[in-house]
**Q** 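Quick one: structure below, then a few questions.
Chain A is the first sequence line, chain B the second, and so forth, proteins listed ahead of strands; every chain is numbered from 1.
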2 protein chains.
Amino acid sequence: MSEERRPDLAAMLFPLGRVLIAIEEPILSASDLSMWAYAVLSGLGEEPVRTQAALAAAIGADKSRVIPVLDDLQERGLISRRPDPADRRVRLVALTPEGRSVRSRVQAEIQRAEEELLERLSPDDRRAFLRTLHTLYESVRVAEPAQAMPRGS
Amino acid sequence: MSEERRPDLAAMLFPLGRVLIAIEEPILSASDLSMWAYAVLSGLGEEPVRTQAALAAAIGADKSRVIPVLDDLQERGLISRRPDPADRRVRLVALTPEGRSVRSRVQAEIQRAEEELLERLSPDDRRAFLRTLHTLYESVRVAEPAQAMPRGS
DNA sequence: TATTGTTATACTCTATAACTATA
DNA sequence: TATAGTTATAGAGTATAACAATA
């Protein structure tokens with residue numbers, strides 16, 4: 001029972017990641033959003049986050065890295081950020097209605113563009129791939145508390 | 001027939017990529033290899049590459065970025081690099097026997113470590129996932145001539 | 001003149017470590 | 001004293017562009 005020869009997982013994932021970035025980039029810049037800004041909007045999309053540090057951790061960023069991003073999004077009225085009355089050290093961050101609308105519009109565009117990539121698969125394969133990818137994603141999300149992206153080296 | 005709600009592809013792939021880097025890192029540094037050095041060894045593993053630029057493109061790096069890596073690997077006797085007699089502008093780069101052995105040992109270790117991640121899947125899912133990932137990988141490899149990794153932003 | 005490899009440089013991204021304000 | 005957020009800074013990683021050698 002010999003193992004199938006295959007490229008490393010990372011060797012297959014990274015080129016795919018590059019293509020996905022290339023797909024997202026024009027969509028994001030059409031709405032004047034950086035990758036991190038979109039990550040913040042996505043991170044806030046599900047449920048409101050209590051602290052900025054928690055938000056940063058959830059999207060795999062350093063807490064200091066998200067601050068200019070939050071400044072910008074707040075200035076543009078896409079998020080609200082106000083001190084928690086109960087503990088004035090923490091900032092309650094949330095999407096504004098407009099932020100929510102931008103987020104869902106952009107996400108829809110991105111996912112539509114991603115479909116072009118997935119269309120190369122049969123419907124069955126496509127479904128199975130997304131399901132398994134989601135499983136792995138959830139499994140690493142609980143295993144590894146989100147961390148900042150290590151750089152190249 | 002409503003679309004299933006799902007996170008963006010990139011949002012699922014990137015955390016997975018981070019975990020894979022974390023898995024590879026200790027294995028690579030045990031052999032004193034950087035990520036790019038391993039990418040070079042991998043790139044040379046299949047068939048010898050004729051030019052350094054082609055090698056760089058194959059691993060998604062800038063041609064100037066691989067030079068210090070090649071210097072180091074050559075100094076350590078893991079690769080050979082000699083001018084092509086037929087066109088002395090180009091350097092013929094190849095794995096030495098020792099380089100080949102290091103590469104296959106390290107790759108075996110990495111893939112063994114990756115299996116721990118894949119073990120969270122059923123054998124069927126695991127097989128299907130690897131097969132589909134490979135399909136996508138091949139499809140983007142021909143579509144997008146390998147390019148340097150765009151940075152965050 | 002065009003191409004391969006190389007070097008030097010400027011730029012971007014990033015984490016770290018101080019600092020503030022609250023508790 | 002400890003924690004959330006902020007700011008400033010130094011370091012790493014990168015692409016760009018100029019350069020040398022060969023064609």
Side-chain angles (χ1 to χ4, degrees), chain A residues 14 17-18 21-22 25 28-29 34-40 43-44 48-75 79-94 146-153, chain B residues 14 17-18 21-22 25 28-29 33-40 43-44 48-75 79-94 145-153:
Chain A
F14 275 68
R18 281 197 283 262
I21 288 177
E25 218 290 320
L28 291 177
S29 54
S34 70
M35 214 66 94
W36 283 117
Y38 179 62
V40 163
L44 292 173
V49 179
R50 236 192 70 84
T51 73
Q52 293 183 185
L55 171 62
I59 64 175
D62 189 87
K63 64 176 177 160
S64 71
R65 197 198 278 172
V66 299
I67 290 177
V69 179
L70 293 173
D71 290 346
D72 174 60
L73 292 175
Q74 182 177 24
E75 203 169 325
I79 65 169
S80 66
R81 179 163 54 155
R82 59 199 180 77
D84 183 350
D87 179 347
R88 296 213 311 286
R89 288 175 304 182
V90 333
R91 307 277 176 272
L92 298 173
V93 185
Q147 244 178 352
M149 177 72 122
R151 39 221 167 351
S153 162
Chain B
F14 275 69
R18 281 198 284 263
I21 288 178
E25 219 291 320
L28 291 177
S29 54
L33 290 171
S34 71
M35 214 67 92
W36 284 117
Y38 179 62
V40 163
L44 292 174
V49 179
R50 235 192 71 86
T51 73
Q52 294 183 184
L55 171 62
I59 63 176
D62 190 86
K63 65 176 175 159
S64 70
R65 195 197 281 173
V66 300
I67 290 178
V69 179
L70 293 173
D71 290 345
D72 173 61
L73 291 175
Q74 183 177 22
E75 202 169 327
I79 65 169
S80 65
R81 179 162 54 154
R82 59 202 178 77
D84 182 350
D87 180 348
R88 295 213 312 285
R89 288 175 304 182
V90 333
R91 307 277 177 273
L92 298 173
V93 185
Q147 244 178 351
M149 177 72 124
R151 38 218 168 351
S153 167

**Q** Could you give the distance from CG (B:Leu73) to CG (B:Leu33), rounded to the nearest 0.5 Å?
**A**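 Between B:Leu73 CG and B:Leu33 CG, I get 7.0 Å after rounding to 0.5 Å.
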
**Q** Give a yes-or-no answer on whether the side chains of A:Gln52 and A:Arg91 include a donor-acceptor pair shorter than 3.5 Å.
**A**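 Not at all, the side chains of A:Gln52 and A:Arg91 share no donor-acceptor pair under 3.5 Å.
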
**Q** Whole-Å distance between C:dC13 P and A:Ile59 CD1?
**A**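 Distance, rounded to whole Å: 15 Å.
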
**Q** What is the distance, rounded to the nearest whole Å, between atom CD1 of B:Ile21 and atom C1' of D:dG13?
**A**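 After rounding, the gap between these two atoms is 13 Å.
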
**Q** Can you tell me if A:Arg65 touches the phosphate of C:dC13, counting only side-chain N or O atoms and a distance under 4.0 Å to OP1 or OP2?
**A**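 For C:dC13, OP1/OP2 do not have a side-chain N/O of A:Arg65 under 4.0 Å.
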
**Q** Tabulate atom names and distances for all N/O pairs under 3.5 angstrom spanning the protein and nucleotides 2-6 of chain C.
**A**
residue: C:dT3; atom: O4'; partner: B:Arg89; partner atom: NH1; Å: 3.3
residue: C:dT3; atom: O2; partner: B:Arg89; partner atom: NH1; Å: 3.1
residue: C:dG5; atom: OP1; partner: B:Gln52; partner atom: N; Å: 2.9
residue: C:dG5; atom: OP1; partner: B:Arg91; partner atom: N; Å: 3.2
residue: C:dG5; atom: OP2; partner: B:Gln52; partner atom: N; Å: 3.2
residue: C:dG5; atom: OP2; partner: B:Ala53; partner atom: N; Å: 3.1
residue: C:dG5; atom: N7; partner: B:Lys63; partner atom: NZ; Å: 3.4
residue: C:dT6; atom: OP1; partner: B:Arg81; partner atom: NH1; Å: 3.3
residue: C:dT6; atom: OP2; partner: B:Gln52; partner atom: OE1; Å: 3.1
residue: C:dT6; atom: OP2; partner: B:Gln52; partner atom: NE2; Å: 2.6
residue: C:dT6; atom: OP2; partner: B:Arg81; partner atom: NH1; Å: 3.1

**Q** Report the distance from atom CG of A:Asp72 to atom CD1 of A:Ile79, rounding to the nearest 0.5 Å.
**A**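 Interatomic distance, A:Asp72 CG to A:Ile79 CD1, rounded to 0.5 Å: 9.0 Å.
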
**Q** Looking at every non-hydrogen atom in both residues, tell me the closest pair between B:Trp36 and B:Ala61 and how far apart they are.
**A**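 Residues B:Trp36 and B:Ala61, closest heavy atoms: CZ3-CB, 3.6 Å.
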
**Q** Can you tell me how far C1' of D:dA4 sits from CZ of A:Arg82, to the nearest Å?
**A**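 Result: 16 Å.
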
**Q** Whole angstrom is fine here: how far is it from CD in A:Gln74 over to P in D:dT6?
**A**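 Nearest whole value for this atom pair: 9 Å.
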
**Q** For B:Ala56 and B:Lys63, which heavy atoms make the closest approach, and how far apart are they?
**A**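 Looks like CB-CA, 3.7 Å.
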
**Q** Would you say a side-chain N or O of A:Trp36 is under 4.0 Å from OP1 or OP2 of C:dT14?
**A**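 Looking at the OP1 and OP2 atoms of C:dT14, one of them is under 4.0 Å from a side-chain N or O of A:Trp36.
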
**Q** Once you build an axis from the first five pairs and another from the last five of the helix from C:dT1-D:dA23 to C:dA23-D:dT1, how far apart in angle are they, to 10 degrees?
**A**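 End-to-end axis angle: 10°.
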
**Q** Whole angstroms only, please: what is the CZ-P distance between A:Arg88 and C:dT20?
**A**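 Atom CZ in A:Arg88 sits about 18 Å away from atom P in C:dT20.
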
**Q** Starting from P on D:dG13, measure out to CE on B:Met35 and report it in whole angstrom.
**A**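 Result: 11 Å.
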
**Q** Please report the interatomic distance CZ(B:Arg81) to CG(B:Leu92), rounded to the nearest 0.5 Å.
**A**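 Output value for this atom pair is 11.5 Å.
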
**Q** Measuring from B:Leu55:CG to B:Leu70:CG, what's the distance to the nearest 0.5 Å?
**A**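 It is 6.0 Å, given to the nearest 0.5 Å.
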
**Q** Give, for atom OH of A:Tyr38 and atom CD of A:Glu25, the distance between the pair rounded to the nearest 0.5 Å.
**A**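 Nearest 0.5 Å value for the OH-CD distance: 13.5 Å.
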
**Q** Among residues at least two apart in sequence or on other chains, which ones pass side-chain hydrogen bond (donor to acceptor under 3.5 Å, both in side chains) with B:Ser80?
**A**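 If we apply the side-chain hydrogen bond (donor to acceptor under 3.5 Å, both in side chains) test to B:Ser80, skipping adjacent residues, there are no hits.
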
